[in-house]
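Just below is one structure, and these are the notes that go with it.
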Amino acid sequence: MSEQSKPTNFIRQIIEADLASGKHKKIHTRFPPEPNGYLHIGHAKSIVLNFGIAEDYGGECNLRFDDTNPHKEDVEYVEAIKEDVRWLGYQWSGLYYASDYFEQLYQFAVELIEKGLAYVCDLTPEQVREYRGTLTEPGRESPYRNRSVEENLDLFRRMRAGEFPDGSRTLRAKIDMASPNMNMRDPTLYRIRRGAIHHQTGDEWCIYPMYDFTHPISDALEGITHSLCTLEFEDHRPLYDWVLDHISAPCHPRQIEFARLNLEYTVMSKRKLTQLVEEGHVEGWDDPRMPTIAGLRRRGYTPAAIRDFCNRIGVTKVDGTVEMGVLEASIREDLDRTAPRRMAVLDPLKVVIINYPEGKVETLEAPNHPKDDAMGSRRLKLTREIYIDRADFRESANKKYKRLVLGGEVRLRNAYTIICDEAVKDDQGEIVELRCHYDPDTLGRNPEGRKVRGVIHWVSASEGVPAEVRLYDRLFRVPNPAAGDAPLGELLNPDSLQVVQAVVEPAVADAAPGERFQFEREGYFCRDAVEAERGRLVFNRIVTLRDSWAKLEGKQR
RNA sequence: UGGGGUGUCGCCAAGUGGUUAAGGCACCGGACUUUGACUCCGGCAUCGCAGGUUCGAAUCCUGCCACCCCAGCCA
């Protein structure tokens, strides 16, 4: 897998330069999610970047929960996030919470007040907005901006003590109300949240620090050297630096921004993903169609494929959208090498092999992998009645069609060749059964004097096992569902899930939960772990095989 | 109309004044094939636009254009 070739990107170049110049002897990064939802493939990009850098440069990477807004967060999410990071194959150096630093943060705020660089403001949220000005007009200074240090200290202490109601006051940085950068117009540092129960600190605090104040300090306290975040924080960087420049910080990490991941035919924003779940368009956060780590895991994606994908797409500041094909290529490449082959008939059509003895069960040996003998083999059972896929038979077709036609011959994969003698139809003219005869001399060798081009898969009617198979496709009909303002529900792909009753070869009947196979000529599948727990044999299609026949056929129309 | 960013093949992305402008995905040919899979071979760009500097520019300068982000007591 192309994972072995180390990625190169502008951030790694900066790091290499910092190492070479001696600015840093050891690199320290961090992955800082807010525990307010489940991780998705976009987070994976950040995880692979941060942990990957630590790995490749002999550094460390922390997992830090950015938990400064108790209203939105929950332990349920911190547990899920930890599981996802571990599943992706990473181990954090330190596990921290921004809330671990609440007391220190408070003391740094006091330091700013003492330096005359922060003040308690009594403006209401509405007034703050009015005073802030607009993108093109400067703001006005708060009338509370010039309170004395003593008064500010007293008020801030009383804010902490719970003396004031929510929304009545904030602590603000005293920077520049005329700055062209809105983030520098006296940004809020602390707000009051009296009723909140924080998932880590309970009711210990009733004032909570804002991201812009917390993040640089948390980074500095952990000795982070490079603080990597997404593009929308670009104009927060002056504030990040301002905070560290004006307190007695142990060090000054460098914030570097990169583009977040956009993937075609799906959405990435927490709001929209939540909407999909809440409106019932998917079964939950781990629905196999979701771009969440939990969804991809249940779908059957491997951690290695996701890591490989993240390395393939690179890291830049360009706001682009990656095609699904890249993700699919990553999982196909991984599974082609590692997934044992099996046969499963998804749309069964009965075939009676008329010259095959009734009651006979022949055991055939079939390799688990066409190119890797070390993967061993399994046994197949051939009987007089078998199933093939309905799509593998046509009464007549042009020579491009390599499968079974009336009077034509194909090979049953891993078995004999058969020739179709008759298609039996019901009253509606629907084909219900095929009557064929086989050539006993074609096991493991080609017939004399004729060339059999087609190979189709099959399963014994009596020895095969019924299973439910869930065929997943892209969740949306449009490449960029987030664009425009059409309701998400109207953009969904109505065929994103198709459930079929299939027949699978006996060797997959006892598949382990989550075990992956290639169902030959169909795609890669994994046994659904959730359904397995209920004792049901259900397979999820992870991804189809590349299909040049479908392409050819499409072109002919 | 303020500020911050970004523009290299359909998508992602190397490139850091002198290279035939990497590579991956996709696509198009062809070989091989008991998976129309895999694999293999071959094809596939003058760098947003316009000027300028230079012996030489995707790389430097100037001016345009397009797109993204910012007016939460969210992160």
Side-chain angles (χ1 to χ4, degrees), chain A residues 2 5 7-9 13 32-34 36 66-69 71-72 121 123-125 128-130 132-139 166-172 179-185 187-193 208 210-212 214-215 229-238 257 259 264 270 311-330 332-333 336-337 341 343 366 369-371 400-403 410-415 417 442-446 452-457 518-523 544-553:
Chain A
S2 45
S5 57
T8 170
N9 57 55
Q13 287 175 1
E34 181 186 19
N36 67 343
D66 229 327
D67 56 347
T68 57
N69 186 353
H71 283 330
K72 293 186 170 182
C121 180
L123 254 26
T124 65
V128 168
R129 196 188 320 127
E130 288 162 21
R132 187 155 31 225
T134 68
L135 294 176
T136 50
E137 301 158 23
D166 288 11
S168 62
R169 291 181 221 262
T170 55
L171 182 73
R172 294 227 257 162
S179 173
N181 183 343
M182 301 297 281
N183 297 299
M184 299 300 267
R185 319 243 263 226
T188 302
L189 265 24
Y190 271 88
R191 73 285 217 185
I192 301 171
R193 292 284 177 269
Y208 288 90
M210 298 287 287
Y211 166 87
D212 283 313
T214 308
H215 210 86
C229 63
T230 42
L231 249 30
E232 67 271 25
F233 292 103
E234 234 161 357
D235 39 65
H236 290 240
R237 191 183 342 124
E257 311 83 14
E264 281 191 342
K270 204 155 301 184
N311 287 136
R312 286 188 194 212
I313 60 176
V315 177
T316 66
K317 301 186 71 140
V318 182
D319 180 29
T321 302
V322 177
E323 291 176 343
M324 268 295 178
V326 183
L327 216 208
E328 293 175 346
S330 288
R332 283 192 187 110
E333 184 177 312
D336 175 52
R337 215 181 62 248
R341 282 14 22 166
M343 292 196 285
H369 191 107
K371 293 190 171 173
K400 292 274 190 190
Y401 189 80
K402 301 202 308 192
R403 311 172 188 185
V410 287
R411 173 172 295 281
L412 295 177
R413 167 123 254 232
N414 298 122
T417 67
T442 56
L443 186 62
R445 79 168 93 119
N446 288 123
V452 178
R453 306 245 313 140
V455 179
I456 64 176
H457 54 99
Q518 182 195 100
F519 289 165
E520 288 190 289
R521 303 209 310 129
E522 292 289 357
T544 61
L545 254 28
R546 283 182 72 231
D547 189 353
S548 56
W549 165 243
K551 244 177 261 167
L552 213 198
E553 201 181 24

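Since the structure is predicted, the reported quantities are computational estimates derived from the model, not experimental observations.
Pairing for C27(B) goes to G43(B), judged as Watson-Crick or G-U wobble with the two contacts each under 3.5 Å. In this entry A21(B) has no Watson-Crick or G-U wobble partner, no candidate having both defining distances under 3.5 Å. Using the Watson-Crick or G-U wobble rule with both distances under 3.5 Å, C67(B) pairs with G5(B).
In this structure, D336(A) does not pair ionically with K371(A), as no charged nitrogen and carboxylate oxygen lie closer than 4.0 Å. Remark: K317(A) engages E234(A) in a salt bridge, criterion side-chain N to carboxylate O under 4.0 Å.
Straight-line distance from the CG atom of N181(A) to the P atom of G2(B): 15 Å, rounded to whole Å. Atoms CE (M324(A)) and C1' (G24(B)) sit 18 Å apart, rounded to a whole Å. When rounded to the nearest whole Å, the span between CG of L327(A) and P of G24(B) equals 18 Å. Rounded to an integer number of Å, the gap from N183(A) CG to G2(B) C1' is 13 Å. Rounded to whole Å, the distance from CZ on R337(A) to C1' on A37(B) is 16 Å. Between the CG atom of D336(A) and the C1' atom of U39(B) there is a distance of 9 Å, given to the nearest Å.
Here L443(A) lies in heavy-atom contact (under 4.0 Å) with a base. Note on T68(A): only backbone sugar-phosphate atoms sit closer than 4.0 angstrom, heavy atoms only; bases stay farther off. Note on F519(A): nothing from the nucleic acid sits closer than 4.0 angstrom, heavy atoms only. Contacts of H457(A) with the nucleic acid, taken as non-hydrogen atoms under 4.0 Å apart, are absent. Within the nucleic acid shown, P370(A) comes within 4.0 Å of at least one base atom, counting heavy atoms only. Residue contacts shown for R341(A) include a base, since a base heavy atom lies under 4.0 Å away. G454(A) comes within 4.0 angstrom of nothing in the nucleic acid, heavy atoms only. Residue contacts shown for A415(A) include a base, since a base heavy atom lies under 4.0 Å away. R546(A) comes within 4.0 angstrom of sugar-phosphate atoms only, judged by non-hydrogen atoms across all strands, and of no base.
Interface remark: the D235(A) side chain does form a donor-acceptor pair with the G3(B) base, using a distance-only criterion of under 3.5 Å. Judged by distance alone, with hydrogens and angles left aside, Q518(A) brings a side-chain donor or acceptor within reach of the base of U35(B), the pair sitting under 3.5 Å. In the interface, the side chain of R521(A) is not paired with the base of U35(B) through any donor and acceptor atom under 3.5 Å apart.
Applying the 90° criterion around 0 to the glycosidic angle, G24(B) comes out anti.
Of the two residues contacting RNA chain B, namely F233(A) and T8(A), the nearest-nucleotide position lying further toward the 5' end is that of T8(A). Where E137(A) and N414(A) each meet RNA chain B at their nearest nucleotide, the meeting point lying more 5' is that of E137(A).
Closest to the side chain of R411(A), from the set C69(B), A37(B), U34(B), is U34(B).
Heavy atoms only, all atoms of each residue included: R411(A) and G444(A) are closest at NH1-N, 4.4 Å. Across M210(A) and T214(A), no two heavy atoms sit closer than the pair O-OG1, 2.7 Å. Nearest approach of S330(A) to R312(A), heavy atoms of both residues: OG-NE, 3.2 Å. Taking each heavy atom of L443(A) and N414(A) in turn, the nearest pair found is CD1-O, 4.1 Å. Closest of all the heavy-atom pairs between L189(A) and R172(A) is CD2-C, 3.9 Å.
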Give each protein N/O atom lying under 3.5 Å from an N/O atom of nucleotides 71-73 of chain B, with the pair distance.
residue : atom : partner : partner atom : Å
A71(B)  : O3'  : R132(A) : NH2          : 3.3
A71(B)  : O2'  : R132(A) : NE           : 3.0
G72(B)  : OP2  : R132(A) : NH2          : 2.8
C73(B)  : OP1  : R132(A) : NH2          : 3.4
C73(B)  : OP2  : R132(A) : NH1          : 3.1
C73(B)  : O2'  : R193(A) : NH2          : 2.8
C73(B)  : N3   : G167(A) : O            : 3.3
C73(B)  : N4   : L123(A) : O            : 2.8
C73(B)  : N4   : P125(A) : N            : 3.3
C73(B)  : N4   : G167(A) : O            : 2.7

Under 3.5 Å, which protein N or O atoms sit close to an N or O of nucleotides 6-12 of chain B? Give each pair with its distance.
residue : atom : partner : partner atom : Å
G10(B)  : N2   : E323(A) : OE1          : 2.9
C11(B)  : O4'  : E323(A) : OE2          : 3.0
C11(B)  : O3'  : T321(A) : O            : 3.1
C11(B)  : O2'  : T321(A) : O            : 2.9
C11(B)  : O2'  : E323(A) : N            : 3.4
C12(B)  : OP1  : T321(A) : N            : 3.2
C12(B)  : O2'  : I313(A) : O            : 2.6

Detail all sub-3.5 Å separations between protein N/O atoms and N/O atoms belonging to nucleotides 28-33 of chain B.
residue : atom : partner : partner atom : Å
C28(B)  : OP1  : K555(A) : NZ           : 3.3

Might you work through the side-chain hydrogen bond (donor to acceptor under 3.5 Å, both in side chains) test for N181(A) and D235(A), ending with a clear yes or no?
CA-CA 7 Å; N181(A) 183 343; D235(A) 39 65; 5.3 Å; no
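No aromatic stack links Y211(A) and the base of A75(B), using centre distance under 5.5 Å and interplanar angle under 30°.
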